[in-house]
Amino acid sequence: MTENITKLHEPEEAGRQDHAGEKYRRAFLLTLIAFIAVAGVAAWLWWRSPFNPMTRAGQSAATTSAEIEASQSATEPTATVTGSTAPPSDTALAPIQLSSQRMQSIGVKVGTVESKAISDEIRSYGNVQANERRFAYVQTRFAGWIRHVYADATGDFIEKGQPLFTIYSPDLVASEREYLLAKKSAAALQQSAVSGVADGAASLVAASKSRLQQFDIAESDIAKLDDTGEPITDLTVSSPVTGYVTEKNALPNMYVQPDTKLYTIADLSEIWVFAQIFQNDAGKIKPGDIAEVTVDAYPGQVFRGKVDYLLPQLDMATRTLPVRLVFPNPGLKLRPGMYVNVSLKLPLGQRLIVPDSAIFHSGTKNLIFTYTGDGNIQPLEVELGPHVGDQFVISKGVKAGEQIVTSSNFLIDSEAQLAAAVGAFMPPPPGAGQAAAMNAPTMTQATVELDTAPSPPQKGSNTIRIKLTDQAGKPVTGAQVNVTFFMAAMPAMGMAAMKTVVQASDKGGGMYEGNGALGSGGTWQVTITAQQNGQTIATKQLSVNATGGM
C-alpha cells in the first residue's frame, strides 16, 4: 500500500520541478533583456555626453560658429568680423618688413644671385667591354686544308701582320698557275706584229691577277709569284689587326670552306665602357660630353674619353640607363670585364645660380625671397634648372646681383602668409608674448603704443586705445588709425580664420580709441597702421593673448 502511495506522489513531484524550471528560464530571459536595455541607454548617454571626443569636437565647432555669428552681428559700428574657410596653405604671400633684431633672432642670412660658368658632375660605375667596331674575323675566300697553325690559343696577343696559319688550296694553286702562264704568254707575245695580240695577252694577265686579289691574296705574295715564277702551295694567312684572340677554330689538317670563321681578334687600342646612370640624369647627358674613369689596379691614373651613345632601353631591375663611353687604351691597360669608377663632366655654360638653402619648396611652387634692404623681403616664384652640387640653377624669376635670403626660409614663408592674410606687413609668430614685450615699431615716423580695456583683452567686446607720438615725443593728431586682429584657421578644431578690424577715432592728445569684438580667446596677431594725409606714418605688429576660451 505504501509503495502505491509513493508511486502516486512521484508524478506530482516531477510536475512541480518542471514548473520551477520554467519560472527560472523566464526570470533569466527577463534579466538579460533588462541588461541589454540598460547597456543601450548607457551607450546613448555616453555618446551625447561631453566626455565623448567626437561630441566635444562637434560642440566646439558649433559653439565657435555660434560665437563667430554673434560677433558678426555685434552692434559696434567700428568692428567687423569675417571668416574664411580657405586653409592657411592657400594663403597668398605678401612682402614683409622685419627689424634688424627680428632678422637676427630668427637667423636670417643674405646672399647674392651669381652668374658664372658651371659644370655638373655625375658619378657612377661601369664595366669595360671590347669595342665591337674593332673586331676582326679571319676567314678564307677559298676552300682548302690548314697545314700549320701559329696562333694556337685563345687569349694570345697578336700583332698586325703576324702569321696565323698556312693553308693549301687546289683552287688557289690553279689560279696562281693561270697567272704565271698568262704572264709568260704576255712576255712571248709582247713583240708580236699581229695587231691586238699583245693587248689581249696583257688583259689576260690583269684578269688572272684580279682573280688572285679577289681571293684576298696579299700583294707581297703576288710579288713573290712574280719573283719565283712558282706557285705558292702553302699560303700564309696573317692577322689583319693588333689585338687579342677571342675565338679560335683553326686546327692542323682541318678542311675549311669560305664560310668557316677561323679566328676572332679584338682590337683593344680603343675600348667601350658601359656606365649605369639613374633615369633622372638621362636628360643631362649628350654624346661628346667628357668622361673619366679610374681603376683600382692603377691608383692615381685617370683615363679620359667621351660619351658615345645613350642606349634606348632602361634596366627595369635597377632603374638605370646604360651609357656607352669610348676611351683610347694606350698600353692596353683597360681590359674587358674590368670594373671602373666613372665620372661624367657636363658643362652647363653661363647660368644663374643660388645656394640650395635659398630655395623654398612650397607645394607645387618653388619660392625665393629677395632682400632689398631695411628688412624688406619680397617672395618670388622661380623656375629651377638642374641641381649642381649644393647649388640650384635658376631658369627664370631673378637677375644676377640680386640679394636673396639664404636661411630661415620656412619662418619667412609663414610670416609672408600671415601678412597676406591680414592685408599688411607680417606680424611676429604666435606666442611671442604680450603687447608690451613687442613694442618695437617697424617704421620711424611715429611711435605706436597699444592698450585695451579690459587688459588683457577678452573674448567679446573690448575697447582698443592707441597712443601716437612722433620722434620728439609729441602727440600725433589727425591720423587715421586701423587696428586689425587676426587668428589663423584651426581645421583640426573646426575653426575658420577670424579677423576683426577696428577703426580708432581721434580723442585728442595723440590718443585714438575704438571698440571691437573678439570671437575667441587665445593668441591674436595684431597689425596697427596709422596714416596721415594719405601716407603711412607708422606700422606695428604684435601678438596679444585674449582670455575667455575658445
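Since the structure is predicted, the reported quantities are computational estimates derived from the model, not experimental observations. Sequential numbering from 1 along the given sequence is applied to the chain's residues.
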Check: K345 main-chain N/O paired with S119 side-chain donor or acceptor under 3.5 Å: no
Neighbour count above 12 (heavy atom, 6.0 Å) for Q301 CD: yes
Test side chain to side chain contact (heavy atoms under 4.5 Å, CB included) applied to Y244 and L268, step by step: CA-CA 8 Å; Y244 289 88; L268 299 182; 3.3 Å; yes
Heavy-atom side-chain contact between L180 and P231 under 4.5 Å: yes
Any donor-acceptor pair under 3.5 Å from Y298 side chain to K333 backbone: yes
Flag, side chain of S185 to backbone of A182, donor-acceptor distance under 3.5 Å: no
Any donor-acceptor N/O pair, D413 side chain to F410 backbone, under 3.5 Å: no
Heavy-atom side-chain proximity of K286 to V307 below 4.5 angstrom: no
D120 side-chain N/O to L346 backbone N/O, donor-acceptor pair under 3.5 Å: no
Reported NZ-to-OG1 distance for the pair K248 and T264, which is rounded to 0.5 angstrom: 12.0 Å
From NZ (K306) to CD1 (I290), nearest 0.5 Å: 11.0 Å
CG (D227) with more than 12 external heavy atoms under 6.0 Å: yes
Crowding at CD, Q313 (>12 non-hydrogen neighbours, <6.0 Å): no
Minimum heavy-atom distance between S239 and E159, given as atom pair plus value: CB-O, 3.6 Å
Heavy-atom neighbours of D259 CG exceed 12 at 6.0 Å: yes
Sidechain-backbone polar pair: T236 side chain, P163 backbone, donor-acceptor under 3.5 Å: no
Working for side chain to side chain contact (heavy atoms under 4.5 Å, CB included), residues V382 and V354: CA-CA 11 Å; V382 295; V354 298; over 6 Å; no
Polar side-chain atom of Q391 near backbone of V388 as donor-acceptor pair, under 3.5 Å: no
Where Y263 and L164 come nearest, the two heavy atoms and their spacing: OH-O, 3.7 Å
Test salt bridge (Lys or Arg N to Asp or Glu O under 4.0 Å) applied to R133 and D308, step by step: CA-CA 13 Å; R133 298 190 180 107; D308 181 54; 3.6 Å; yes
I265 vs T242 side-chain heavy atoms within contact, under 4.5 Å: no
Side chains of D171 and S169, donor plus acceptor under 3.5 Å: no
Closest heavy-atom pair and its distance - L348, P386: CD1-CG, 4.0 Å
Beyond-backbone contact of I353 with K116, side-chain heavy atoms, under 4.5 angstrom: yes
side-chain hydrogen bond (donor to acceptor under 3.5 Å, both in side chains) contacts in which one or both residues fall within residues 139-157, not counting sequence neighbours: R147-D234
Polar side-chain atom of N131 near backbone of D267 as donor-acceptor pair, under 3.5 Å: no
Flag, side chain of T406 to backbone of A358, donor-acceptor distance under 3.5 Å: no
By side chain to side chain donor-acceptor pair (under 3.5 Å) - contacts of R319 (at least two apart): Q279
Side-chain donor/acceptor of S210 to backbone N/O of A207, under 3.5 Å: no
Minimum-distance pair of heavy atoms, taken over all atoms of M338 and V295: SD-CG1, 4.2 Å
Selection residues 376-397 - residue pairs positive for salt bridge (charged side-chain N to carboxylate O under 4.0 Å, His left out), sequence neighbours left out: none
Separation between CZ of F215 and CG of D221, rounded to the nearest 0.5 Å: 14.0 Å
Heavy-atom side-chain contact between F369 and N409 under 4.5 Å: yes
Verdict with reasoning, T233 to L172, per side chain to side chain contact (heavy atoms under 4.5 Å, CB included): CA-CA 8 Å; T233 56; L172 179 59; over 6 Å; no
I232 side, atom CD1; K224 side, atom NZ - distance, nearest 0.5 Å: 5.0 Å
Shortest non-hydrogen separation from A291 to L325 and the atoms involved: CB-CD1, 4.0 Å
Any side-chain donor near an acceptor of the partner, E121 and S343, under 3.5 Å: yes
Euclidean distance, R211 CZ relative to I217 CD1, rounded to 0.5 Å: 11.0 Å
Nearest heavy atoms of F135 and A266, plus distance in Å: CE2-CB, 3.5 Å
Candidate pair L212 and E176, rule side chain to side chain contact (heavy atoms under 4.5 Å, CB included), full reasoning: CA-CA 7 Å; L212 293 176; E176 292 173 348; 3.9 Å; yes
Pairwise distance CD1(I394) to CG(L384) - rounded to 0.5 angstrom: 5.0 Å
pair F303-V340: side-chain heavy atoms closer than 4.5 Å: no
Side-chain donor-acceptor pair present, Q525, S543, cut-off under 3.5 Å: yes
Side chain to side chain, R134 and V241, heavy atoms closer than 4.5 Å: no
Student check: side-chain heavy atoms of V173 and Y168 closer than 4.5 Å: yes
Parallel, tilted or perpendicular: ring planes of H361 versus F392, cut at 30 and 60 degrees: perpendicular
